[in-house]
> 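The structure is given below, and queries will be raised subsequently.
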Amino acid sequence: MPMEFLFSCPNTGKTFSTDAFSIMDGHQVTTNDQGQKKFQATIRLHHPCPICKERHEYKADEMICPFTPKG
């Protein structure tokens, strides 16, 4: 079963999920002086955004985590 990611349309702020994306070449995991790891990557949608119909790319640190508490 494909894994869907949660995205936010940068034009409207509305969210949607899709499994039609690619993690582009050149991604890496870096570690800072405190030992914290960070995934650096660009995620590209395969199709135009279902909300605004434009094509979007996202940096990994812009992604929405569905497990992060709100508020």
> For the CZ atom of F5 and the CG atom of D19, what is their distance to the nearest 0.5 Å?
10.5 Å
> Between Q40 and T30, is there a side-chain heavy-atom distance shorter than 4.5 Å?
yes
> Keeping Y58 on the side-chain end and L45 on the backbone end, is there a donor-acceptor pair under 3.5 Å?
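Such a contact is absent between Y58 side chain and L45 backbone.
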> Are any side-chain N or O atoms of T18 and backbone N or O atoms of A20, one a donor and one an acceptor, separated by less than 3.5 Å?
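Checked: pair present.
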> Going from NZ on K59 to OG1 on T42, what distance comes out if it is rounded to the nearest 0.5 angstrom?
3.0 Å
> Any chance CG of D61 has more than 12 other-residue heavy atoms, nucleotides or ligands included, within less than 6.0 Å?
yes
> Decide yes or no for K14 and S8: does some side-chain heavy atom of the first lie under 4.5 Å from some side-chain heavy atom of the second?
no
> Can you tell me how far the CE atom of M63 sits from the CZ atom of F39, to the nearest 0.5 Å?
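M63 atom CE to F39 atom CZ measures 10.0 Å (nearest 0.5 Å).
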> Let me confirm one number: the CZ-SG distance from R55 to C49, rounded to the nearest 0.5 Å.
11.0 Å
> Can you tell if the side chain of M24 reaches within under 4.5 Å of the side chain of I43, non-hydrogen atoms only?
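Contact flag for M24/I43 side chains = no.
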> How far apart are the closest heavy atoms of P48 and K53, and which atoms are they?
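Looks like CB-O, 3.3 Å.
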> Short question: side chain of H46, backbone of F21 - any donor-acceptor pair under 3.5 Å?
yes
> I want to check something: taking the side chain as every heavy atom from C-beta on, are T15 and F7 in contact at a cut-off of under 4.5 Å?
no
> Heavy-atom distance under 4.5 Å between the side chains of C9 and H56, does that happen here?
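The answer is yes, as the side chains (C-beta and beyond) meet within the 4.5 Å cut-off.
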> Hey, what do you get for CD (Q28) to NZ (K38), rounding to the nearest 0.5 Å?
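One gets 10.5 Å once the value is rounded to the nearest 0.5 Å.
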